[in-house]
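The chains referred to below are lettered A, B, ... by the order of the sequence lines, with proteins before strands, and numbering in each begins at 1.
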2 protein chains.
Amino acid sequence: MARSRHSDALRAAQMYYLQDLTMDAIARELRTSRSTVSRLLSSARETGLVQVQIRSPFDTGPELESQIRNQYGVDVHVVPVLDTLNEAETLDRVAMQAARTIGPLVDSNAIIGVAWGATLSAVSRHLTRKVTHDSIVVQLNGAGNMQTTGITYASDIMRRFGSAYGARVEQFPVPAFFDHAATKTAMWNERSVQRILDLQARMSIAIFGVGSVDSDYPSHVYAGGYLDERDLSMLAADDVVGDVATVFFRSDGSSDGITLNERSTGPSHEQLRQVRRRICVVSGASKINGLQGALAAGLATDLILDEASARRLVTFNGHS
Amino acid sequence: MARSRHSDALRAAQMYYLQDLTMDAIARELRTSRSTVSRLLSSARETGLVQVQIRSPFDTGPELESQIRNQYGVDVHVVPVLDTLNEAETLDRVAMQAARTIGPLVDSNAIIGVAWGATLSAVSRHLTRKVTHDSIVVQLNGAGNMQTTGITYASDIMRRFGSAYGARVEQFPVPAFFDHAATKTAMWNERSVQRILDLQARMSIAIFGVGSVDSDYPSHVYAGGYLDERDLSMLAADDVVGDVATVFFRSDGSSDGITLNERSTGPSHEQLRQVRRRICVVSGASKINGLQGALAAGLATDLILDEASARRLVTFNGHS
DNA sequence: TTCCTTACTGCACGTTTGTGCAAATAGCTT
DNA sequence: AAGCTATTTGCACAAACGTGCAGTAAGGAA
């Protein structure tokens, strides 16, 4: 009668979600208390045993979604939030919904590329667990800067992804930007680095936010000591509007001739576009410019963003 | 502000299931009462907007499931029920869980073959709605007998499947068994019948129970006036243990030389085995013999059954 | 064995949720 | 417009649920 906790949780979940019994009835069948059943069910949800999925039937879905879907050819998930919420609250709710939306996409043998930043950090805090086999979480770009090696910040994100999905975590211990392009070339020939690059080349899922240059609430990359004055003015001269995983682009999605990209450590847009599922999470209206560029560049297959931004994105394009 | 009911339901569902807000909070955001939100959420579940799925990780799942899986090579879903429940209650709970398990498998453009009988009737009553396009529900075998054309009984089942998935329903207006094999041959050449046979040949999903000859609680086919005394003694002489969609088989799964099959209207086992997903629903320990034969014949890819039957199935095979 | 640590359980309470009912609203017909 | 019917809404109450807390069982070390 060594019915393990896990097996009880499964039985309870089946009875609760599939047979519509009350916790009370389940408790009697399992010969335990109702509160224990309540806890079994939370643990079942917690560990990903129970997955709740919302399928918005495309055709009938809110027009905001279908407009964006048509304009940019991405799968959109608009997160409903009150316009009156502040940036932090919005981010939190977008992140939670993003985490739950990502869950079902992750499968065994996946190689999951993960960027870092405020958005990804929030997402990582809301991931629901899901057991997979032989999955790998790989860091998309370096995180070091002039002050720190960036280990703690970026690696917390990575670790959370890894433990949520039971995946091996592969960090990328290089700075976000090299000072000299030649160093990058040299490093890229190191076998330790090539192992990471090889994993990145085989990614099945990539998850990232976007950086936006003129954001009121500037992205880490532009404010965190990663770039100096000279770098920033070079970006301005090149008409850069934003970045994905420290690789910059212009408003029309192009990125040729942006010299800073030769020193950055994220995957090239070309390479990123090879990934089957590329999930972009955006929260906060101030990221519109960056987002618009990222979409123009075709970097995402799936877009998760808050309602206010979605609205702005549609009008933004409507005017141009 | 013509935010339709449906669109509100979607927003509410996202906030409730994906952002963990309380109904109270959602009501405030939607400017309505909490009870309306409660109703919106039920309708979201009702219409299949929200899907709850339970993924029992194979490896760690209860050993009963993995034993059956290994022995018979089918995907098993054991439904936990108290052994003390009566047949009717057990059937109801198995049917509910079966209905919810089937839901996620149904997709647009599916051709769903449906048998009829007490089990399927119960399942049909618990289906959760799900919007699909261009799906078709096709009746697997005739339902007429000496007293009635069987229209009402079988067609209720079909109709419920059709309306749950928004699918076109194709009935099969022939008796369950012809009196003469020659009539069947003749009918099978009629174009109206061939249309149905053609649909059956293109099924992507088939859903059926099993009939068991020695069941205490005998299946419709053996008790409902479909067969006469002579037929029943012929079945006994041929060592028949059960049927799927009025096609009979022996304990080892074979069906060659069972003459009654030449007069029955269901798809041959050979044809049934072509179907990608073949879902067998079984409730009640008295169906063991029939089930064992059906599994030996390889008729199912997925099996949904109650716990008591699952246990009996394992010991049954253990002894043989 | 005894003591300590850790994890689980049931109780009790406050919160959250489902639902019958009456009022209000929307949609149709005359 | 009036009148009718079919839905939809909010209220109020009961049922179902989550969780802090204290008590208990299960290991582990000395």
Please determine whether a side-chain nitrogen or oxygen atom of A:Ser38 lies at a distance below 4.0 Å from atom OP1 or OP2 of D:dG18. yes
Donor-acceptor pair, A:Lys130 side chain versus A:Tyr165 backbone, under 3.5 Å? no
Applying a 4.0 Å non-hydrogen cut-off, can you work out what B:Thr32 is touching in the nucleic acid: base, sugar-phosphate, or nothing? sugar-phosphate
Looking only at D:dG10, C:dT17, C:dG10, the nucleotide nearest the B:Met23 side chain is C:dT17
What is the distance, rounded to the nearest whole Å, between atom CZ of A:Arg34 and atom C1' of C:dT15? 12 Å
Integer-rounded Å distance: D:dT19 C1' and A:Arg45 CZ: 13 Å
Could you tell me the separation between the CD1 atom of B:Ile26 and the C1' atom of C:dT17, rounded to a whole number of Å? 12 Å
Could you state the atom-to-atom distance from CG of B:Leu41 to P of D:dT9 in whole Å? 14 Å
Nearest-Å distance for atom pair CG/P, residues B:Leu40 and D:dT8: 10 Å
Verify, without hydrogens or angle tests, whether A:Ser309 (side chain) and A:Leu305 (backbone) share a donor-acceptor contact under 3.5 angstrom. no
When you measure from the side chain of B:Ser33 to the backbone N and O of B:Thr36, does any donor-acceptor pair fall under 3.5 Å? yes
Which nucleotide, D:dC17, D:dT19, C:dT17, lies nearest any side-chain atom of B:Thr22? C:dT17
For B:Tyr17, is there any backbone N or O sitting under 3.5 Å from a side-chain donor or acceptor partner on A:Arg100? yes
Nearest to the side chain of A:Thr36 - D:dC11, C:dT9, C:dG18? C:dT9
Using atom CZ of B:Arg28 as one end and atom P of D:dG10 as the other, report the distance to the nearest whole Å. 14 Å
How close or far is atom P of C:dT17 from atom OH of A:Tyr16, stated in whole angstroms? 10 Å
In whole angstroms, how far is the P atom of D:dC17 from the CG atom of A:Asp24? 8 Å
